[in-house]
Amino acid sequence: MKTLFFRFLMALFCLPVLAAEQSAPTQIAFLPDVHFHDVYAQFNDGSFKGLSRASGNKDQSKNKAATIRTMAAQLQSTRLFNENYFALRAALDDLVRRKVKLVVLPGDFSDDGQSVHIRGLKAILQQYSTTHGLKFLLTLGNHDPVRPYAHAAGKADYLGPDGRPLAIFSPGSEPCNKSGQDVICTEEVKELGYRELMTELSDFGFYPKADDLYWETPYSNYNSSNYSYTEALAQSDFTKRQFEICQQGAGGSYKKPDYSNCHVIPDASYLVEPVEGVWLLAIDANVYKPKAGYQGKGNEAAAFEGSGNAGYNAMFDYKPQVMAWVKQVAARAKAQGKTLIAFSHYPMIEFYQGQTQHIATLLGEERGQLSRSPKTQISERLADLGVQLHIGGHMHLNNTAVAHSNRGNSLVNIQAPSLAAYVPAYKLLTLTTPQQVKVQTIVLQDVPGFNQLFEHYQHEWQQLKQDKQPVWDASILQSKNYREFANGHLRELTRLRFLPNDWPDELRQLLLSLTGEQMLVLSQLNSKTTLKDFSPHVLQDLGQSNEWQHARQQAKALALTAGIRLEDLATWTGFDLVLDFYRLQNAGELALPDIPPARLKEYGFFTATLQQPDAAAQVQGWTDWTLAQYSRYKFAALFQIIDGFLQGQPNGDFMLNTKTGELTSLKKHQAQ
């Protein structure tokens, strides 16, 4: 009798809790571009022992030998190589605290698919799966299989015990083939291909699991009405997920008579229903085009180009079978009342807040990674497939974009930021209703252990100085938290790579010579000094001229009209302006805490003041421009782009209507 009464009480009090858990909206976290590098990796063959920490550290748990890349190398990369190890753990711990169970890694979960680091990533994912019940779903990016097949590779910039770069490559690579080369040769850094990666990480989406409600690939011949796990497992076999690709386009039934240089390669796309009513569509958007005229033998990987710049611009031509499958999946999801969310490594829509063409005009068509941007017609074709929501990565950007096709279809592309770049964050989606999705952007401000490797970087910096090599700014090692560290990374990346490589010489030299005050004065200058005559010395001479003093009075009056003191514009430089350009381009709303509000107001003033560049200047050759004409024209373009970044779609926390593509900022909504 007591037992029956006890069961009654349990049912009375526990049923509401269970019902609440069952009715809780589904939450899914998206963490693209982790670029995981196991900083405490152990080389199984003992070929590299790692870097020991300084003696006297009482905390023995922090004395593990480090296997890391140099700070000099990661300060010229768009991603951090080492600290993302700690960032991934911090993000997963945050998800555990939030009771989020579904975690998607949309590509570039590794840094070039090296054996030793894939092993470390697998251990972490298994740990969080076993201990906390997280379910991981992965898709491949261009840094996971660098080519479709495994190949010899390595890096020349591991940090060695002497504080200098250390080359570590796998046998068969060029450094290992050269006699007398100072290099460690080990299979541990071999870059894996599709077969190895999908096998090693088979528990994380690439193959069906018994607890999946549904799972298929573009090559399956069953559907949800006759689904069985046994059949899904049989059809998921790696050998059954292959397709033909040719140099000119798709092979197989799509092959045209003049197509040549054709190969059969794998595809990792899949569809999974992890919880009732939610379909997650993993699109393998890697396109490895066969190289023209490749005659090599014994190295399958070398027969293909990398996939980094292809993305969806190449998918319809080279992987049409996948695109046809996506359209079919979208139609079935709609018919069956499933909430469909697609994810892949690559963006489906332009990712610079509509500023791509303006950036091309300012910097040049081939600069600033513009070649990776999907064309407008491609985005419209993707919308017509029926997919209404897609989460992408690849660009390490925080961005939201909406495309509408002529047929009335809408597509929302959410660019999830990277944990390995500025601003480090991830996206958390909450499915509040079948058509309403709450999107949150969770910033990683504090990351335990992010400064654990600084001791090694300090040694590197001192060695560089001793060797009279270019030295990076050591103030980054004073960062108080991970966000500040990522901000320092972007600052050095802007100085060491973006400005030298992406900005025209004359514009870069001009910006690096000016304060905001001088920029405004120069825009008002009436001088015959030409652009080709410009130098810091010429600028100094101009500053003493009557023309400059007259222009300064005009600039002061313009500023006062807008409620701005001209002297306040001298508190920031052209470099600060370029850095803010990249902050806003990369992080959108997330960058605002790092830019003083007063400076944002001053940027708006420049945008309004310089709206009309000289018509005559636009048709003259660069060498014929006066310095003032060039300044007005280029500064106007730069400030208008920054204004475009600030006026873009909500990209922090917002509500999304997947049916209409309407976005509502939660920040603005809460403020009202």
Side-chain angles (χ1 to χ4, degrees), residues 29 31 33-43 48-75 77 79-98 103 105 109-111 114 116-129 131-132 134 136 158-159 161 163 396 417-426 442-461 472 474-490 492:
L31 286 68
D33 301 290
V34 171
H35 288 284
F36 180 83
H37 176 110
D38 190 350
V39 298
Y40 297 120
Q42 293 186 348
F43 284 51
F48 181 52
K49 303 296 185 182
L51 308 177
S52 299
R53 298 203 66 180
S55 60
N57 193 330
K58 296 180 180 180
D59 186 352
Q60 293 301 313
S61 66
K62 295 181 179 179
N63 284 335
K64 293 181 288 187
T67 304
I68 59 177
R69 308 273 291 281
T70 65
M71 176 64 89
Q74 68 176 0
L75 290 179
S77 170
R79 62 193 183 276
L80 290 163
F81 296 135
N82 304 322
E83 280 63 36
N84 36 335
Y85 171 92
F86 306 102
L88 174 61
R89 285 187 171 276
L92 296 181
D93 287 339
D94 187 57
L95 291 171
V96 170
R97 286 191 293 269
R98 294 172 184 270
V103 185
L105 275 59
F109 46 77
S110 71
D111 205 53
Q114 296 176 319
V116 65
H117 303 307
I118 291 296
R119 193 165 64 238
L121 175 65
K122 179 181 179 180
I124 290 178
L125 299 187
Q126 285 180 329
Q127 174 194 342
Y128 280 86
S129 296
T131 307
H132 302 291
L134 270 59
F136 293 97
Y158 281 86
L159 185 57
H396 307 177
S418 169
L419 301 179
Y422 175 88
V423 167
Y426 68 87
I442 313 298
V443 175
L444 295 187
Q445 182 89 7
D446 298 304
V447 169
F450 85 95
N451 57 356
Q452 206 155 300
L453 305 171
F454 283 15
E455 172 186 311
H456 301 300
Y457 299 144
Q458 186 65 44
H459 183 202
E460 175 195 344
W461 187 88
W472 38 267
S475 67
I476 192 174
L477 302 182
Q478 304 303 316
S479 300
K480 297 180 179 62
N481 55 54
Y482 186 56
R483 179 191 174 120
E484 186 178 325
F485 181 75
N487 188 31
H489 173 255
L490 181 64
E492 283 295 87

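Quantities reported herein were computed from a predicted structural model and do not represent experimental measurements. Note that these values count all heavy atoms, side chains included, but never hydrogens, waters or copies made by symmetry.
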Worksheet item: Got a sec: does the CD of Gln458 have more than 12 other heavy atoms crowding it under 6.0 Å?
Response: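 It does: Gln458 CD has more than 12 such atoms within range.
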
Worksheet item: Considering only heavy atoms from C-beta outward, does the side chain of Leu159 approach that of Leu453 to under 4.5 Å?
Response: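 Side chain of Leu159 against side chain of Leu453, heavy atoms only: no contact under 4.5 Å found.
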
Worksheet entry | Minimum side-chain heavy-atom gap Glu83-His489 below 4.5 Å |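 No, every pair of side-chain atoms sits at 4.5 Å or beyond.
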
Discussion item. With ring-ring contact (aromatic ring centres under 6.0 Å, His included) as the test, pick out the partner of Phe36 among Phe86, Tyr85, Phe81.
Written reply: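 Filter result, single survivor: Tyr85.
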
Ignoring hydrogens and angles, tell me if any N or O in the side chain of [X] forms a donor-acceptor pair with the backbone of [Y] under 3.5 Å.
{"X": "Tyr482", "Y": "Leu419", "result": "yes"}
{"X": "His456", "Y": "Met71", "result": "no"}
{"X": "Arg89", "Y": "Ile124", "result": "no"}
{"X": "His117", "Y": "Asp38", "result": "yes"}
{"X": "Ser52", "Y": "Ala65", "result": "no"}
{"X": "Trp472", "Y": "Trp461", "result": "no"}
{"X": "Asn82", "Y": "Arg69", "result": "yes"}

What closest approach, in Å, do [X] and [Y] show between heavy atoms, and which atom pair accounts for it?
{"X": "Leu125", "Y": "Phe136", "result": "O-CE1, 3.4 Å"}
{"X": "Ile476", "Y": "Gly488", "result": "CD1-C, 3.7 Å"}
{"X": "Ala91", "Y": "Leu31", "result": "CB-CD2, 3.9 Å"}
{"X": "Ser110", "Y": "Ile118", "result": "CB-CD1, 3.5 Å"}

Discussion item. Quick one about Tyr40 and Gln452 (side-chain donor to acceptor, distance below 3.5 Å, no hydrogens or angles considered), yes or no?
Written reply: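 Note: Gln452 and Tyr40 side chains meet the donor-acceptor criterion.
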
Worksheet item: With under 30° as parallel and over 60° as perpendicular, where do the rings of Phe450 and Phe454 fit, or are they tilted in between?
Response: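 Ring orientation, 0 to 90° scale: perpendicular.
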
